[in-house]
Amino acid sequence: MNKSAVIELDNICYTYGGGKQVFALQNISLSIGSGEFVAISGPSGSGKSTLMHILGCMLTPTSGGYCLLAEEVAGRTASQMAQIRNSTIGFVFQNFNLLPRASALKNVELPLIYAGIAGRKRKARALDVLTRVGLAARVSHHPNELSGGEKQRVAIARAIVSKPKILLADEPTGNLDRATGKAIIAMLKELAADGMTIIYVSHDLEMVAEATRSIHIVDSRVVGG
Amino acid sequence: MFVNNVVLGEALLSAFKQLFIHPLRTLLTISGIAIGIAALIAMMGIGEGTRQKVIDDMERIGGTGVISVELRGGAMNDQDRDNIQKDKLTREDMTLLSQASSLIMSISPVIHVPGMVFFADLRFEGQVYGTNQFYGEIRDWQVERGRFLTRVDLDYASNICVIGSEVRHNLFADQDPIGKKIHFRNDEFTVVGLMVERNFEAGRWLNKLILLPVDTVEKRITGQTNYTQILVKADKMASVSIVRDQIEKAIQSRHVNPDSIVIHSQVEVINSLERASMLMRFSFGSITLIVLVVGGIGIMNLMLVSVTERTREVGIHKAVGAKNIDIFLLFLFEAMSLSLLGGILGIVSGIQGGRFLSFAIATYLDNQVACIISNKAIMLAVFFSVFIGVVFGLYPAMKAANIDPSKALSYE
């Protein structure tokens, strides 16, 4: 086992369907070190999102081992998994997944609520990260009043507000124009430079090229990287 | 399973805000609960008002401490009837009863004499009662003008009488009745006292009474001692049952056929009234329960829709670290706040409805029944509405809690 690895996948399989099992992921073994900036690419339906959900502790693999920060994830209870999602992992989605009826600030505060942080301290931390992603002037806006790029920056702010070790981004530029997408990738790169491990999915070669390492998945298997 | 206070607070706040996102939907959903609770509150209020009124009235005609000993009216067969006709309530019974218990405050015999009373060319069909000086005290009935019967009136069997307000209105109109002589059964009786008008439901009949000294009735009218009833007043409410038992024993020791004598006390009347109102509350309570269950189903339906609509939102909460219990509480609080709001609306409209019912009873039934809303009724209503919210919110909340975050985030 790589000692500095934050993520260690050992023969991960994920299948669905009862009788005739369909593999979404087949024998994936990966090791990702601290502070790496990794791109995952591959055609639609190759299993990229399933892999991201497993990495993000939202799905439990059918078989295989997943060591996160040198601790086995398999066998954890649902509430322990929630705890990991809250403290260790930040998630950014293609379609932003912001709460539509909450302001940018409230959206960013959400993980801190589940971390049990209250009142002024919570608000200050949320404002801090929103400033960091350049949205200090937009904190009270609701998602429908923000542009795509702004929404994604709110999502990034939400993902990093609880200072996770790992940031997972599932096609973060998929719904954005090229220039905005590049700005988002640049922001992720900056976070990686600060020591956060970042894994993002993209099938845009230009975006993938920004990564320091790329993993290619075809037909549920890793074929390169 | 532990939920931190921050999550708890936010869940409560969110549940409250959720009520106002679709106001019409909220209003329609809670109407079932509101109607159920309103009916509960109004009926409990009117029920309690009715009960209070009956008890109040009873207390005003001599308190609930009065025990009445009387001959049974309708017997079963000829032999029984003969026995009863032979049976009488006499002076001996009076003496016996007055010695039966040390808890007796006063005792009064009553002889009912049917017939018409006349003054000048006016007549009135009232009730002529022969009784003693304690009757007024037992019935808690005061003299308005003149005086009541006295011991001396009884001893001398004087030709005097005391009359109720209705007798006065019919025979004397606005004239002062004191000193006037009324005619009854070929005899003349001087009016010495006018009683206070009883203007509440259970006491109005007293206004028709013409009270004569019991000795006068025995000597001049019936010619024998045969009391219609003997009224006994206990020294306080709490002694009524004891006095009643002692009287019963005394009666049984003297009368051949103890079944020919009936003993009534208002405690029993009140007890059976309580039983009746319990029964009413119970049957009405079950109907209310049905309404509340229907209301609860409405809430459950809305909550299930809400869970489906907010699947993605649940996914987002879970992705950033919400535990199943957190989501469970979020939705349970929402169901509870819905039903509590319904309950509050129900309480407010129930109080209003009860007042309206009370007004309607006063207007159309000429009867004063207050709507008495006790704190107990309100607490019961709040408890029930929250309870319904919990019961019917449980399943939707569990459904929401078990949403798979991975699936929820790809949910369209």
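Letters go in sequence order (proteins before strands), and every chain restarts at 1. Given the structure is predicted, the values throughout are model-derived calculations rather than measurements.
Taking all atoms of both residues into account, the shortest heavy-atom contact from B:A319 to A:F93 is CB-CZ, 4.0 Å. Here the closest non-hydrogen pair linking A:A82 and B:A322 is CB-O, 3.6 Å. Shortest non-hydrogen contact noted between A:N86 and B:G321 is CB-CA, 3.6 Å. Taking all atoms of both residues into account, the shortest heavy-atom contact from A:A118 to B:V6 is CB-CG2, 3.7 Å.
Remark: A:R122 CZ to B:E10 CD distance equals 4.0 Å, nearest 0.5 Å. Distance check: B:I316 CD1 to A:L98 CG gives 7.0 Å after rounding to the nearest 0.5 Å. Between A:R101 atom CZ and B:K17 atom NZ the span is 11.0 Å, to the nearest 0.5 Å. With rounding to the nearest 0.5 angstrom, the NZ atom of B:K407 is 13.5 Å from the CE atom of A:M58. For the atom pair A:M52 CE and B:L409 CG, the distance stands at 12.5 Å (nearest 0.5 Å).
Contacts of A:I84 with chain B are absent, with no heavy-atom separation under 4.5 Å from either backbone or side chain. Contact of A:A159 with chain B is not made at all, since no heavy-atom distance falls under 4.5 Å. Contact of B:L8 with chain A is not made at all, since no heavy-atom distance falls under 4.5 Å. Of the atoms belonging to A:I89, not a single heavy atom falls under 4.5 Å from chain B. Using a 4.5 Å cut-off between heavy atoms, A:A78 contacts chain B through its side chain alone, with no backbone atom that close.
Residue A:D219 qualifies as open at atom CG: its count of foreign heavy atoms under 6.0 Å is 12 or below. For A:D194, the CG atom is densely surrounded, since the number of other residues' heavy atoms within 6.0 Å is greater than 12. Shown here is B:F284, whose CZ atom has more than 12 heavy atoms of other residues, nucleotides or ligands within 6.0 Å. Residue A:R132 places its CZ atom among 12 or fewer non-hydrogen atoms of other residues, nucleotides or ligands, all under 6.0 Å distant. Surrounding NE2 of A:H141 are more than 12 heavy atoms belonging to other residues, nucleotides or ligands, all under 6.0 Å away. Residue B:F20 qualifies as enclosed at atom CZ: its count of foreign heavy atoms under 6.0 Å is above 12.
For the set A:L59, A:N107, A:L110, A:T50, the entry with the most heavy-atom pairs within less than 4.5 Å of chain B is A:L110. The choice from A:M81, A:R85, A:Q80 that makes the most heavy-atom pairs within less than 4.5 Å of chain B is A:R85. With respect to chain B, the highest number of heavy-atom pairs below 4.5 Å among A:G119, A:P111, A:A115 belongs to A:P111. When each of B:H317, B:K318, B:E313 is checked for heavy-atom pairs under 4.5 Å with chain A, B:H317 comes out on top.
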Test B:V320 against A:F91 for side chain to side chain contact (heavy atoms under 4.5 Å, CB included), laying out the working first. CA-CA 8 Å; B:V320 302; A:F91 222 111; over 6 Å; no
